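Given the structure is predicted, the values throughout are model-derived calculations rather than measurements. Counting from 1, the numbers follow the sequence of the chain as shown.
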Amino acid sequence: MPTLEELTPGSAAPALAARASELEAAHGDLGALAIMRLAIRKLFPGSITLVSSFGAESAVLLHMAATIDRDLPVTFVDTGRLFPETLAYRDELVDLLGLTDVRTVGPDAAATERLDPYGAMFAIDADECCRLRKVEPLARAIAPFEAWITGRKRYQAATRTAMPAFEADATHIKVTPLAAWGMEEVRAYLRAHNLPVHPLVSRGYPSIGCAPCTTPVVAGEDPRAGRWRGSAKIECGIHVSRAGVERRSA
């Protein structure tokens with residue numbers, strides 16, 4: 001599966017990996033808001049974007065970002081296959097939080113027409129569909145930045161249990177302020193700040209991606225069990241290293 005690293009030429013991974021390790025050693029134990037503030041104001045001023053899916057837990061980081069800098073660039077990939085509830089939720093949060101620089105990007109129209117004219121690629125080759133609709137658009141969108149903020153958490157999947165707050169891919173530093181948070185901390189933050197919840201959460205969707213590839217989750221299942229259900233696929237390719245594609249069977 002082509003990954004974000006493979007679509008961002010000019011790899012400087014060793015130097016970035018060393019810097020990420022230094023940042024993790026120095027700041028990885030800070031609280032989430034402190035990591036956000038440090039990354040936005042001191043480490044990468046003017047050269048960092050928050051990448052948000054406007055999904056089930058996205059309001060937490062978006063709210064933190066708004067308290068620090070409402071002009072922070074927020075990158076949102078509209079794959080063209082998202083739930084309409086996600087698009088409405090995006091608009092609601094942008095308005096509520098006063099975010100001024102939300103950049104909605106999407107797949108190349110000509111490539112989509114050529115490669116997926118019937119919109120059925122998700123059922124034929126899900127990896128290729130993710131590459132076309134999500135990985136490539138994001139690679140183009142974050143190219144001008146030095147770093148980007150992600151909303152991943154260790155509890156979400158077995159492939160994420162050792163995830164640090166600072167890490168590197170081929171071309172960027174990735175900052176993950178909520179790495180150590182659990183579901184209860186997320187819920188508590190949403191309640192404490194009276195933030196709206198994605199409307200699909202109450203319908204059994206704790207993790208929300210594209211509509212054709214996301215199903216409800218029942219009690220006791222992994223929160224991401226509804227993503228690409230029935231396959232070994234667990235990541236779209238954005239957070240997958242060339243060293244190995246992350247799979248449920250791994």
Side-chain angles (χ1 to χ4, degrees), residues 3-5 7-8 13 16-17 19-21 23-24 27-28 30-40 43-44 47-66 68-69 72-79 86 90 93 99 101-105 130 134-183 185-186 189 198 206-209 223-224 227 234-242 245-246:
T3 71
L4 188 61
E5 291 187 23
L7 296 169
T8 47
L16 286 176
R19 187 181 183 195
S21 294
L23 291 173
E24 178 66 15
H27 311 297
L30 293 176
L33 185 59
I35 289 174
M36 284 279 284
R37 186 178 291 111
L38 179 71
I40 294 168
L43 297 178
F44 311 102
S47 190
I48 189 170
T49 180
L50 167 57
V51 175
S52 179
S53 66
F54 286 83
E57 299 178 345
S58 297
V60 173
L61 279 185
L62 290 164
H63 180 269
M64 288 183 179
I68 298 166
D69 182 3
L72 176 74
V74 176
T75 301
F76 171 69
V77 180
D78 182 355
T79 64
T86 295
R90 172 200 59 188
L93 285 177
L99 300 169
D101 191 7
V102 177
R103 308 176 184 189
T104 297
V105 299
C130 287
K134 195 168 187 180
V135 179
E136 287 186 348
L138 182 61
R140 293 191 295 268
I142 67 173
F145 298 98
E146 184 181 357
W148 52 296
I149 300 167
T150 88
R152 295 169 300 154
K153 302 160 196 74
R154 292 172 191 146
Y155 88 88
Q156 291 172 324
T159 52
R160 299 180 175 185
T161 55
M163 182 174 58
F166 295 89
E167 60 187 318
D169 57 25
T171 55
H172 292 77
I173 298 291
K174 292 197 292 188
V175 184
T176 308
L178 303 180
W181 280 38
M183 188 179 296
E185 289 169 291
V186 171
Y189 190 97
H198 193 297
S207 180
I208 303 162
R224 289 176 62 84
R227 305 290 292 276
I234 193 172
E235 298 281 359
C236 65
I238 287 175
H239 298 294
V240 181
S241 167
R242 280 195 299 260
V245 176
E246 291 177 348

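Atom CG of Leu16 is separated from atom CD1 of Ile173 by 5.0 Å, given to the nearest 0.5 angstrom. Taking CD1 from Ile208 and OG1 from Thr86, the interatomic distance works out to 5.5 Å, rounded to the nearest 0.5 Å. Here the straight-line distance linking atom CG of Leu178 with atom CG of Leu61 works out to 4.0 Å at 0.5 Å rounding. With rounding to the nearest 0.5 Å, the separation of CZ in Phe76 from CG in Leu62 is 10.5 Å. Remark: Met163 CE to Thr176 OG1 distance equals 5.5 Å, nearest 0.5 Å. Of the inter-residue distances, the one linking Leu93 atom CG with His198 atom NE2 reads 9.0 Å to the nearest 0.5 angstrom.
A side chain to side chain contact (heavy atoms under 4.5 Å, CB included) with Leu50 is found for one member of Ile149, Thr75, Val102 and no other, namely Ile149.
Between the His172 side chain and the Ile142 main chain, a donor and an acceptor come within less than 3.5 Å of each other. Distance alone, capped at 3.5 Å, places no donor-acceptor pair between the Thr49 side chain and the Val51 backbone. When atom types are taken as modelled, the side chain of Glu24 and the backbone of Phe166 share a donor-acceptor pair closer than 3.5 angstrom. In this structure a side-chain-to-backbone donor-acceptor pair under 3.5 Å is present from Ser47 to Glu146.
The two residues Ala20 and Ala168 have their closest heavy-atom pair at CB-N, 3.8 Å. Residues Leu38 and His27 share a closest heavy-atom pair of CD2-CG, 3.3 Å. Closest approach of Pro177 to Ala32, counting heavy atoms only: O-CB, 3.5 Å. Nearest heavy-atom pair, Ala180 versus Arg154, reported as atom, atom and distance to 0.1 Å: CB-NH1, 3.5 Å. Val175 approaches Ile48 most closely through the heavy-atom pair CG2-CD1, 4.3 Å. The nearest pair of heavy atoms linking Val105 to Pro137 is CG2-O, 4.1 Å.
Taking the six-membered ring for Trp and thresholds of 30 and 60 degrees, Tyr189 and His63 have ring planes more than 60 degrees apart, a perpendicular arrangement.
No side-chain heavy atom of Phe54 sits less than 4.5 Å from a side-chain heavy atom of Thr104.
With respect to Glu185 and Lys153, no salt bridge is recorded, no charged nitrogen being found less than 4.0 Å from a carboxylate O.
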CA sep, side-chain torsions, deciding dist, call: Val77, Val135, side-chain contact (heavy atoms from CB on, under 4.5 Å):
CA-CA 9 Å; Val77 180; Val135 179; over 6 Å; no
